[in-house]
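Worksheet: the structure to be examined is printed underneath.
Order of appearance sets the numbers: ligands from 1, and atoms from 1 within every ligand.
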Amino acid sequence: MRFTPIQTLFALPSIRSRLIAIVLATAIPAAIALGVMAATFYGNQKKQSEIDLLQTARALTSALDRNFSIGLNVAQALAVSSKLQQSDFAGFHAEAKSVLNDRFPGFTFVLSDESGQQLLNTIRPYGEVLPRHGNPENLRQVFLTGKPSISDLYMGGVMKRPVVSIEVPVWRDGKVAYALSVGFLTDSLTRILTDQRLPEGRMAAIFDPQGVIAARTHMAEQLVGKKGAPVLLQRIETATEGIVETHTLEGLGVIIAFNRSTETNWTVGISMPWTVVLAETLNQIALIYGGITVLLLAGVATVWVIGGKISRSIRALAAPAIALGTGAPVVVLDHGPIEAIEISHTLKAVERELQQYRDHLEQMVAERTAALQASNRELEQFAYVASHDLQEPLRMVVSYVDLLARRYGDKLDKDAFEFIGFAREGALRMSELIKDLLDYSRIGRQDGHPEPLDLRELATEALNNLRLALADSGGTVVLADTLPTLVGNRVELVRLFQNLIGNALKYRRPDQPPRVEIKAERDGTAWVIKVADNGIGIAPEYRERIFGLFQRLHGRNAYQGTGIGLASAKKIVELHGGHIWVQDAPGQGSVFCFTLEDKASLPVDMPSAQDQG
Ligand code: ADP
């Protein structure tokens, strides 16, 4: 049986679809595991990003510290210059200016007195009129404490730009006489950040102790001088370093790592947008998923091919299995899965066993048939001989009873004649019975080969044999115009018609002349011949019995007969491969039906009379 692909997929799963289902079933937990893995991976990636950010923030803070400490050290060195001690301001101006170069983070030195008045500024020629210090508060601290101080971001007095300065005290006669400032531009702070060469997507900023942005890698011009994000500033106040998730001033969702210098209280913050963390993770996850999808597709493709091969091999087993049933030679598979090859070998072994069994069976059947035929022959021979030989003593009984009546008739009384009559009648009846039995036992033993016979001709011959009975009964027999020509034994089939027509005439109604009708109907490869009469009919319960030997429904006084006619009819029909039965006639009477194979449409293999012994 073949199934359409749809049936195969939905109604009855094929090996191939089952294998694919297995691959997919294993892929589901893998996909779930991957999902969990992806989430973990994202968490780890985020954590790693945070650690990286924090480390960068620390590195930047120490770079910033280094920057300030260079400025501080140089300023402290200059503060003890002999030129200052001798109030040689012009000389000091030149000396300080000579320190400023590209590698020095500061851009100017400023000397101010306690009132905040700038006495010299290296970005101005010496002697020029100068404004007051831009960050008097920080200045005051230095005069007050005598210690260096780093300012917050403020507007420079000369530059009118945001600057940061470190003030160191200049001592004279045991007290602070001046404050020497080293100024830093925000550009130099920004350079610290840019020198770090941050990876794509990262932004860094430097905040002064008030949380004001002093430098920024992005949008510095707009944002320097403004306060940082409030969430971040809150955290900076309470911790020296940490991670904050917030929005930047541009409104970007970010993770910020910050680190505050314990020396200066200045803070470096470095941010990374969410999207970057996510994108970096997703890239890797997509790569893993892509790889797994390719593997899965490769798995399904492999299973598709292997499943196809397996089902082909299994289907290939159908041929040897069918061969086993039909007796054709079983061909052993020489390729495909080992299991299929093994099964085909097993089928081959079964074929051998089956062959042995068949041979054994055939031998047994042949032996039994031969034994049966022998015993049948013996039995038939016995019946034939017995009935033949019985006739002789019977004839003798009749002749001597007759002789008795003739020769001693005058000496016998009426009773004796009556007894002689009974004895004669009994002997004659027995003779008749034996004759019929002899005829019965001869069925199938008669001469003549099966030959094509026109049934109409045979029925006519039977009628001819019955012409006296027909005349006596005053009946009519109607033969259908067309009766088939069939292969059979002439003598026996004539006798069959004779028995049936004879009965139809015999079992007539007393008040009605018999009418017999003979016709034939096709039934597949057979013909059904019907002999219908208008006689006394047969009750349904006797319709089986009447075909038995010596089975009669009436006494001899009512209807003559031996009860062998229908048994002979049955034997003849069955020897011709058909069967016989009786059914109701449409009006009254009975219809005897029998089938005969149309041998013209079949191979002629009917055994001849001689064949049957
Ligand atoms: P018999 O020698 O008694 O006719 P058969 O074997 O021919 O023996 O018939 C068996 C019995 O079947 C008969 O005794 C009769 O009762 C019944 N029978 C046979 N043919 C007919 C018929 N055409 N109509 C009615 N009864 C029949």
Side-chain angles (χ1 to χ4, degrees), residues 383 387 391 425-444 458-459 462-463 465-480 491-520 528-576 578-595:
S387 35
Q391 290 288 8
E425 196 180 316
L428 284 176
R429 173 153 173 75
M430 190 158 182
S431 166
E432 196 186 338
L433 266 171
I434 289 170
K435 187 186 133 304
D436 280 358
L437 247 173
L438 191 64
D439 286 347
Y440 180 79
S441 72
R442 269 188 187 144
I443 296 169
L458 300 190
L463 277 178
N465 296 343
L466 289 166
R467 60 186 177 279
L468 280 180
L470 190 61
D472 273 358
S473 65
T476 45
V477 176
V478 183
L479 277 182
V491 180
E492 286 169 357
L493 290 182
V494 169
R495 191 163 155 206
L496 171 66
F497 275 115
Q498 203 169 312
N499 283 358
L500 296 180
I501 299 168
N503 277 353
L505 297 175
K506 183 163 51 164
Y507 297 104
R508 65 178 178 267
R509 290 173 175 269
D511 54 340
Q512 218 175 8
R515 181 187 154 82
V516 186
E517 212 172 310
I518 300 171
K519 56 184 179 182
V528 181
I529 320 295
K530 296 187 170 178
V531 180
D533 62 43
N534 60 345
I536 58 172
I538 301 165
E541 61 269 30
Y542 299 123
R543 286 181 188 168
E544 282 277 325
R545 219 177 89 183
I546 50 170
F547 292 101
L549 207 52
F550 302 126
Q551 296 298 325
R552 307 202 68 231
L553 304 181
H554 307 279
R556 261 188 308 126
N557 295 337
Y559 296 97
Q560 286 286 325
T562 54
I564 292 175
L566 286 182
S568 301
K570 183 169 158 68
K571 194 172 173 187
I572 292 168
V573 170
E574 285 177 355
L575 273 172
H576 280 77
H579 57 281
I580 185 167
W581 71 97
V582 65
Q583 63 192 36
D584 275 331
Q588 55 185 18
S590 359
V591 184
F592 281 82
C593 312
F594 61 92
T595 58

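- Residue G537 approaches ligand 1 through these ligand atoms, each under 4.0 Å from one of its heavy atoms: 25 (C).
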Practice prompt. Mind running ring-ring contact (aromatic ring centres under 6.0 Å, His included) on H576 and F594 for me, showing each step along the way?
Written response: CA-CA 10 Å; H576 280 77; F594 61 92; 9.3 Å; no

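- Contacts between I536 and ligand 1 below 4.0 angstrom, taking non-hydrogen atoms only, involve the side chain exclusively.
- For ligand 1, the atoms lying closer than 4.0 Å to a non-hydrogen atom of L553 are 14 (O), 16 (O).
- Neither the backbone nor the side chain of Y559 comes within contact range of ligand 1; no heavy atom lies under 4.0 Å.
- A heavy-atom distance below 4.5 Å is not found between the side chains of T595 and I529.
- Scanning the protein for heavy atoms near atom 8 (O) of ligand 1, the closest one is G563 CA, 3.2 Å.
- Only the side chain of D533 comes within contact range of ligand 1, with a heavy atom under 4.0 Å; no backbone atom does.
- For N503, heavy-atom contacts with ligand 1 shorter than 4.0 Å involve the backbone as well as the side chain.
- Here the side chains of V582 and Y542 are not in contact, with every heavy-atom distance at 4.5 Å or above.
- Within the 4.0 Å heavy-atom cutoff, F592 counts among the residues contacting ligand 1.
- Using a distance-only test at 3.5 Å, with no hydrogens or angles considered, a donor-acceptor pair links the side chain of E492 to the main chain of G444.
- Here's the thing with L566: one of its N/O atoms is less than 3.5 angstrom from an N/O atom of ligand 1.
- Between A567 and ligand 1, not a single N/O pair is under 3.5 Å apart.
- In terms of protein heavy-atom proximity, atom 26 (N) of ligand 1 is closest to I538 CG1, 3.4 Å.
- At the top of the distance list for atom 12 (O) of ligand 1, counting protein heavy atoms only, stands I546 CG2, 3.4 Å.
- Side chains of R509 and N534 form no contact here, defined as non-hydrogen atoms less than 4.5 Å apart.
- In this structure a side-chain-to-backbone donor-acceptor pair under 3.5 Å is present from N499 to G565.
- Within the set R545, R552, Q560, the minimum heavy-atom distance to atom 3 (O) of ligand 1 is found for R552.
- Interface of Q551 with ligand 1, defined as ligand atoms under 4.0 Å from a residue heavy atom, comprises 10 (C), 11 (C).
- V573 has its side chain out of reach of W581: every pair of non-hydrogen atoms, C-beta onward, lies at least 4.5 Å apart.
- Within the 4.5 Å cutoff, the side chain of L553 has heavy atoms near those of the R545 side chain.
- At a threshold of 4.5 Å between non-hydrogen side-chain atoms, the residues I564 and L549 count as touching.
- Remark: minimum distance from atom 13 (C) of ligand 1 to any protein heavy atom is reached at Y507 OH, 3.1 Å.
- In summary, the atoms of ligand 1 found under 4.0 Å from a heavy atom of H554, numbered by their order in the structure, are 15 (C), 16 (O).
- Contact of the I443 side chain with the S568 side chain is registered, since non-hydrogen atoms from C-beta on lie closer than 4.5 Å.
- For K506, every heavy-atom contact with ligand 1 shorter than 4.0 Å involves the side chain, none the backbone.
- R552 has its side chain within reach of Y559: a pair of non-hydrogen atoms, C-beta onward, lies under 4.5 Å apart.
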